Amino acid sequence: MDYDFKEIEPRQQQKWRHRETYKVAIDPARPKYYVLDMFPYPSGAGLHVGHPLGYIASDIYTRYKRLCGFNVLHPMGFDAFGLPAEQYAIQTGQHPAKTTADNIARYREQLDKLGFSFDWDRCVETSDPAYYKWTQWAFVRMFESYYCQDSNQARPISELEEAFPIYGNEGLNAACTTELSFTAAEWNAMNAHQKQDVLMNYRLAYRASTMVNWCEALGTVLANDEVKDGLSERGGHPVEQRRMQQWLLRVSAYAERLLSGLDTLQWSESLKEIQRGWIGKSTGAQLFFDVVGSDKKLEVFTTRPDTIHGVTFMVLAPEHAWVGELTTPEQRTEVDAYIAATKKRSERERIADTKKVTGVFTGSHATNPFTGESIPIYISDYVLAGYGTGAIMAVPAHDSRDWAFARRFDLPITPVVEGGNVAEASYDAKSGRMINSGIIDGLDVKDAIVRMFDEIERRGLGKLKVNYRLRDAIFSRQRYWGEPIPIYYKDGIATAMPQEKLPLELPPVSDFSPSPTGEPPLARVKDWTYEGHPLETSTMPGFAGSSAYYLRYMDPHNADALVSKEADEYWRDVDLYVGGIEHATGHLIYSRFWDKFLFDLGVVSDQEPFKKLVNQGMIQGRSNFVYRIPETNKFISINKKTDAETRIFAVQNSCLNSDVDLDAIEEILAENGMDLSWFRRNDGFYPFDDLDIIYNPDDPENPIIRPRPIFTKIHVDVNIVKNDILDTEAFKKWRPEFADAEFVLEDEKYVCGWAVEKMSKSMFNVVNPDEMVERYGADTLRMYEMFLGPLEQSKPWDTNGIDGVHKFLRRFWNLFQGDISDEQPTPEELKTLHKTIKKVREDIENFSFNTSVAAFMICLNELGKCDKRQILEPLTILLAPFAPHIAEELWERTGHTATIFDEAMPEHNPAYLVEAEFEYPVSVNGKTRFKKTLPLTLTIPEIEAAVLADENAQRWLEGKTPRKMVVVPGKIVNIVV
RNA sequence: GCCCGGAUGGCGGAAUCGGUAGACGCGUUGGUCUCAAACACCAAUGGCCGCAAGGCUGUGCCGGUUCGAUCCCGGCUCCGGGUACCA
């Protein structure tokens with residue numbers, strides 16, 4: 001019987017569904033394991049062959065862990081709120097709920113075909129009110145919390161409301177938007193609005209007027225991680241800085257915990273580095289500079305206090321609060337003009353113009369606290385208002401930006417560290433000997449920094465301070481398709497809806513676009529009120545719903561809590577999280593923040609949500625090209641094209657300054673099956689005399705000269721190409737304009753060109769998993785995706801190789817086609833089996849799935865024909881995580897009884913596995929010639945004898961007797977002839 | 001600019017506490033089967049020289065350590081990712 005995957009796979013899947021095989025429940029008798037995939041946003045395009053890569057890997061691991069006796073939670077759901085559905089709605093009027101539901105159905109269908117072992121009973125959709133009730137709930141809890149920096153945790157805001165009337169905010173060490181200082185009396189004198197403003201300053205979910213990334217085209221604000229190079233990540237629209245009232249999450253309060261928590265995680269170093277960089281901790285000194293003729297002290301932050309003797313001027317951000325006061329009347333006009341110009345420049349322009357040095361003198365001076373010199377104060381937009389104090393001490397000799405500024409405005413440059421030449425460039429390196437620096441002269445930079453920290457504190461000039469780059473997350477979006485923010489405005493005071501009134505459901509609307517004035521769609525909803533008070537009209541951003549979904553899977557139907565105590569204590573955290581690295585600075589930061597907040601609340605019992613994380617690489621497309629002769633419908637095979645191009649170039653090169661030799665070219669073309677007349681353009685000219693002259697880095701004297709491509713490269717659908725050979729008939733049918741295409745073939749074939757590109761519709765290189773399942777079956781697709789290369793690496797999809805895996809499964813299937821024999825296996829067969837078991841298990845544990853697939857293939861090659869139950873049954877179980885359909889089918893045929901690995905696997909006999917031997921590399925006359933494997937137990941004379949008896953030794957010694965032989969156990973054996 | 005990662009046949013990739021480089025698969029070539037093609041199966045397959053035995057060469061480039069380097073060290077080149085007036 002042939003391997004009929006089309007019959008087997010649906011039947012096995014039906015069986016799993018019917019028996020609810022993958023339904024999991026809390027089982028205290030068994031150890032838990034939680035394998036999670038980053039849930040997908042169900043886009044309209046459906047899945048391509050790259051999307052399931054991570055799901056396949058996690059499914060293999062899940063099935064493996066189950067076989068090892070773990071109770072594995074392996075859920076799947078959908079990140080259903082998001083911009084694309086809403087953009088689509090604006091264009092077509094289709095309600096996002098409708099398109100989202102359709103897309104989810106399609107995804108579900110595609111996923112089901114691959115034989116995943118998800119517990120679909122636990123499926124969550126972020127747009128489901130029963131789900132987003134808990135997103136809103138968490139937001140309200142954040143609104144009702146502040147961050148205490150003494151106990152390092154979130155605490156109820158009511159504590160502040162109780163403390164302020166008695167103590168004011170004296171002694172309060174809490175994360176806040178702006179530093180406040182008030183007494184109990186001052187607090188008591190405030191009206192309700194003022195009190196609420198003060199509390200807002202401390203809330204973890206707060207509303208504030210801040211600089212935000214405003215995207216005009218999308219009509220909404222964006223978080224920092226949603227902006228790349230001044231453009232929106234989705235759609236690539238320009239983003240500008242604007243001051244707006246927005247809701248924010250005080251993520252920055254958790255910066256230190258987010259940073260230190262990384263050390264406890266089994267994540268890739270590169271991912272941790274990305275997060276560390278994003279959090280951006282820097283330790284430095286807070287320092288005060290006296291302003292000349294004023295009692296003001298200008299605060300700066302520096303990580304290089306060692307260079308303080310080299311400070312020759314100061315720079316403020318144009319937005320710095322003191323700019324007005326520090327500007328002298330003479331400088332007023334110039335400063336105002338500069339500030340106005342800065343405001344106009346968009347974020348994008350500023351990034352583009354980083355090399356342009358601009359700035360204005362304020363007219364004021366400050367005193368360098370160490371040299372006592374009077375130094376000018378400038379403003380410039382290279383100093384950012386949002387980082388540190390918005391003011392810097394400038395050390396032009398040792399900071400490239402300060403250096404450029406000093407050069408532009410002709411300010412003195414005093415070197416204080418030896419090295420470099422300050423006339424040409426600043427010397428930024430953190431090494432060298434201090435000079436011109438009084439007490440720290442002669443010290444190395446690193447020692448000088450430490451010494452200066454002490455000195456600054458001792459003199460009371462400032463103190464050690466830690467700065468983070470991590471910003472609070474802007475949490476409101478002026479969009480429709482997101483969770484409504486459960487806040488209403490009672491007499492203008494933002495108030496959270498009571499928990500029992502949640503969820504606040506998204507009301508139906510008919511118009512999804514933002515109003516011209518930037519008002520969100522919800523602003524148009526009639527009666528968008530709570531008890532007569534207007535409700536917030538912004539909705540939550542994309543990351544809201546994905547921040548705690550892993551918790552909801554533990555207890556998805558609980559109406560009374562996000563997750564029950566029991567479920568949380570059993571499942572605790574995600575043991576293995578699989579997903580793309582693109583979420584490094586978004587979801588993976590927010591989710592960790594969210595989890596830590598819930599931990600502070602006592603809702604969850606673990607500080608970190610994702611213990612181990614694996615980033616699957618991207619599967620790129622492999623595009624194919626055909627080459628069209630311009631203005632014709634003739635296509636030329638690639639090697640003929642290349643040949644013609646190369647030779648035509650040679651002809652042209654030989655007559656660079658004279659007329660092109662058309663006869664010679666005609667000959668070349670004819671040899672490659674082409675006719676010169678095809679190339680004659682409508683204007684009567686031939687394109688051959690167009691030459692490109694290209695700089696040659698290897699030989700700058702002789703540039704590369706190349707004819708312009710005289711053939712047009714066109715992407716061709718990879719589905720009508722096999723092994724780079726074009727199906728010419730299918731090509732003619734592919735698009736009407738190619739119906740009468742003609743081909744110049746080589747070896748009677750049309751060979752296409754190829755390149756690795758992103759998998760996308762426009763490049764016609766999208767391979768659909770459904771089609772692969774149709775042609776080869778899910779098991780083959782699963783194994784092939786793993787076989788393609790290391791999981792974490794990006795690699796191109798190439799349908800060609802899939803045959804090899806399919807062949808393997810068919811050969812495996814064929815082993816079971818006769819009667820299964822109960823005969824004893826031979827030692828060789830047992831060795832092969834045990835080696836394979838060991839290798840595959842190790843590889844699965846190391847996520848090295850490509851080599852474990854290879855191990856299966858080797859196993860089959862070594863086994864040849866084998867019909868013995870004792871070999872075949874364990875193999876089916878070993879294969880089950882990878883190819884569950886065929887494995888279960890065959891497993892059933894062996895009459896198995898085992899349900900987990902340890903029952904099914906033959907008892908480990910070390911003799912089959914352990915190489916109780918040692919490898920001795922043998923060198924003859926100083927050159928290593930061969931390796932000799934010998935038992936560990938031998939004595940040195942025995943080793944000598946064994947080495948000399950080796951046939952390799954005979955060969956290398958060529959009959960000569962060794963003059964000397966050195967044997968050191970465990971080391972190389974040296975033979976001198 | 002700074003930080004991190006990588007570079008191995010025609011292709012995807014194996015192998016690194018330093019020890020026969022190229023597992024496995026694809027592709028290619030040859031063969032068997034077939035009227036034929038496809039499928040399947042068998043064999044060969046880094047490059048160069050050689051009828052062969054065999055030799056030389058070979059893991060981006062230059063140099064070093066070592067009996068021995070894809071692996072360790074120093075200096076480059078190129079590619080990928082992160083980040084960027086972050087003081």
Side-chain angles (χ1 to χ4, degrees), chain A residues 228-229 268-278 280-282 284-285 287 300-305 307 314-315 317 350-351 353-357 380-384 386-395 398-402 404-405 428 467-471 581-582 584-585 615 617-618 622 697-698 723-724 754 756 783-784 787-790 792-808 810-811 814 848 850-861 919-932 952 955 966 971-976:
Chain A
K228 287 248 144 66
D229 300 327
S268 71
E269 226 17 73
S270 60
L271 177 52
K272 288 188 192 177
E273 264 319 304
I274 293 173
Q275 290 218 341
R276 286 192 191 109
W278 189 256
K281 179 178 183 171
S282 66
L287 239 153
V300 300
F301 172 76
T302 180
T303 55
R304 292 293 302 273
T307 60
M314 300 190 76
V315 188
R350 263 196 41 233
I351 290 168
D353 294 351
T354 48
K355 289 208 177 80
K356 229 194 237 169
V357 180
S380 172
D381 64 2
Y382 84 87
V383 175
L384 303 178
Y387 184 79
T389 60
I392 62 154
M393 57 176 227
V395 188
H398 305 291
D399 182 290
S400 54
R401 298 153 303 174
D402 296 345
F405 195 84
D428 295 15
N467 251 311
Y468 298 93
R469 203 180 72 98
L470 185 68
R471 294 278 96 96
I581 192 135
E582 65 273 18
T585 54
N615 292 119
M618 227 192 354
R622 189 179 185 279
D698 295 330
N723 287 339
D724 293 335
W754 65 273
V756 172
M783 281 191 98
Y784 184 55
F787 187 58
L788 225 41
E792 305 215 346
Q793 194 173 302
S794 284
K795 58 240 162 200
W797 175 264
D798 184 357
T799 303
N800 293 323
I802 201 169
D803 278 328
V805 172
H806 191 64
K807 239 181 271 182
F808 160 78
R810 203 164 47 213
R811 285 171 60 201
N814 287 339
S848 179
N850 54 328
T851 50
S852 48
V853 175
F856 278 116
M857 291 174 171
I858 294 166
C859 173
L860 207 54
N861 288 344
E919 272 185 349
Y920 290 86
V922 179
S923 95
V924 179
N925 283 342
K927 209 157 178 190
T928 305
R929 296 302 186 176
F930 64 96
K931 272 196 302 182
K932 179 78 184 156
N952 286 302
R955 187 149 61 82
V966 184
K971 288 274 167 64
I972 190 164
V973 175
N974 280 303
I975 302 175
V976 182

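Because the structure is predicted, anything quoted here is derived from the model rather than measured. Numbers restart at 1 for each chain; the letters A, B, ... are given by sequence-line order, proteins then strands.
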I want to verify the glycosidic state of B:G55; is it syn or anti under the 90° rule? anti
Take atom CE of A:Met393 and atom P of B:A87, then tell me their distance rounded to the nearest Å. 12 Å
Does B:C4 have OP1 or OP2 under 4.0 Å away from a side-chain N or O of A:Arg276? no
Would you name the heavy atoms of A:Tyr468 and A:Tyr387 that are closest together and state the gap between them? O-CE1, 4.0 Å
Pair A:Met393-A:Thr307, side chain to side chain contact (heavy atoms under 4.5 Å, CB included): steps then yes or no: CA-CA 10 Å; A:Met393 57 176 227; A:Thr307 60; 4.0 Å; yes
Could you state the atom-to-atom distance from CD1 of A:Ile392 to P of B:C86 in whole Å? 10 Å
Which nucleotide, B:A87, B:C4, B:G12, lies nearest any side-chain atom of A:Thr303? B:A87
When every non-hydrogen atom of A:Tyr784 is compared with those of A:Asp798, the smallest separation belongs to OH-O, 2.6 Å
P gap between B:G60 and B:A21, integer Å: 15 Å
Report the distance from atom CG of A:Asn615 to atom C1' of B:G80, rounded to the nearest whole Å. 15 Å
Give the rounded distance in Å between these two atoms: NZ of A:Lys795 and P of B:C11. 19 Å
Which nucleotide in the set B:C26, B:C86, B:A87 lies at the smallest distance from any side-chain heavy atom of A:Ser282? B:A87
Return yes if some donor-acceptor pair links the side-chain N/O of A:Asn467 with the main-chain N/O of A:Ser282 below 3.5 Å, else return no. no
Considering every strand and a 4.0 Å limit on heavy-atom distances, what is the contact class for A:Asn861: base, sugar-phosphate, or nothing? sugar-phosphate
Students often get this wrong, so: under 4.0 angstrom with heavy atoms, is A:Gln793 touching a base, only sugar-phosphate, or nothing? sugar-phosphate
One thing to verify: whether A:Arg304 and A:Asp428 come together as a salt bridge, which I'm taking to mean a side-chain N less than 4.0 angstrom from a carboxylate O. no
RNA chain B: A:Thr585 or A:Pro790, which has the more 5' nearest nucleotide? A:Pro790
Restricting to non-hydrogen atoms, name the atom on A:Ala584 and the atom on A:Ile274 that form the minimum distance, rounded to 0.1 Å. CB-CG2, 3.7 Å
Between A:Arg811 and A:Asn861, the two heavy atoms sitting closest are NH2-OD1, 3.1 Å
Identify whether any heavy atom of A:Arg810 sits under 4.0 Å from a base atom; if not, whether one sits that close to sugar-phosphate; answer base, sugar-phosphate or nothing. sugar-phosphate
Quote, to the nearest angstrom, the C1' distance that separates B:C78 from B:U66. 29 Å
Any A:Arg401 side-chain N or O less than 4.0 Å from OP1/OP2 of B:C86: yes
Using a heavy-atom cut-off of under 4.0 Å over every strand shown, decide if A:Asp399 touches base, sugar-phosphate, or nothing. nothing
Minimum-distance nucleotide (side-chain atoms of A:Ile274 versus B:G82, B:C4, B:C24): B:G82
Taking only the C1' atom of each, what is the distance from B:A14 to B:G22 in whole angstrom? 7 Å
Whole angstroms only, please: what is the CG-P distance between A:Leu788 and B:G12? 11 Å
Nearest-neighbour nucleotide for the A:Lys807 side chain, B:C41, B:C85, B:G12 considered: B:C41
Students often get this wrong, so: under 4.0 angstrom with heavy atoms, is A:Val383 touching a base, only sugar-phosphate, or nothing? base
Choosing from B:C41, B:A15, B:G13, which nucleotide comes nearest the side chain of A:Thr851? B:A15
Among the candidates B:A87, B:G13, B:C24, find the nucleotide nearest to the side-chain atoms of A:Met857. B:C24
Distance, P atom - from B:G50 to B:U32, rounded to whole angstrom: 29 Å
Applying the 3.5 Å cut-off to both distances, the Watson-Crick or G-U partner of B:U20 turns out to be none
When both hydrogen-bonding distances must be under 3.5 Å and the geometry is Watson-Crick or G-U wobble, what is B:U32 paired with, if anything? B:A40
Whom does B:A7 pair with, Watson-Crick or G-U wobble, provided both distances fall under 3.5 Å? B:U77
Taking only the C1' atom of each, what is the distance from B:G47 to B:U8 in whole angstrom? 14 Å
Comparing A:Trp278 with A:Arg304, nearest RNA chain B nucleotide closer to 5' gives the residue A:Trp278
Closest approach of A:Arg276 to A:Glu269 (non-hydrogen atoms, all atoms of both residues): NH1-OE2, 3.2 Å
Could you please name the partner base of B:G1, counting Watson-Crick and G-U wobble pairs only when both distances are under 3.5 Å? B:U83
Residue A:Ile858, side-chain atoms from C-beta onward, closest of B:C26, B:A87, B:C24: B:C24
For the C1' atoms, the ones on B:G5 and on B:U20, what distance do you get once it is rounded to whole angstrom? 30 Å
Under a 3.5 Å cut-off for both contacts, is B:U45 paired Watson-Crick or G-U wobble with anything, and if yes, with which nucleotide? B:G27
Can you check the distance between B:C2 and B:G9, where both ends of the measurement are the C1' atom (answer in whole Å)? 36 Å
Would you say A:Asn850 places a side-chain N or O within less than 4.0 Å of OP1 or OP2 belonging to B:A23? no
When the C1' atoms of B:G81 and B:C17 are compared, how many Å lie between them, rounded to an integer? 29 Å
Please give, in whole Å, the distance from B:G13 P to A:Asp798 CG? 11 Å
Report the distance from atom CD of A:Glu273 to atom P of B:C4, rounded to the nearest whole Å. 7 Å
Could you tell me the separation between the CG atom of A:Asp724 and the P atom of B:C26, rounded to a whole number of Å? 16 Å
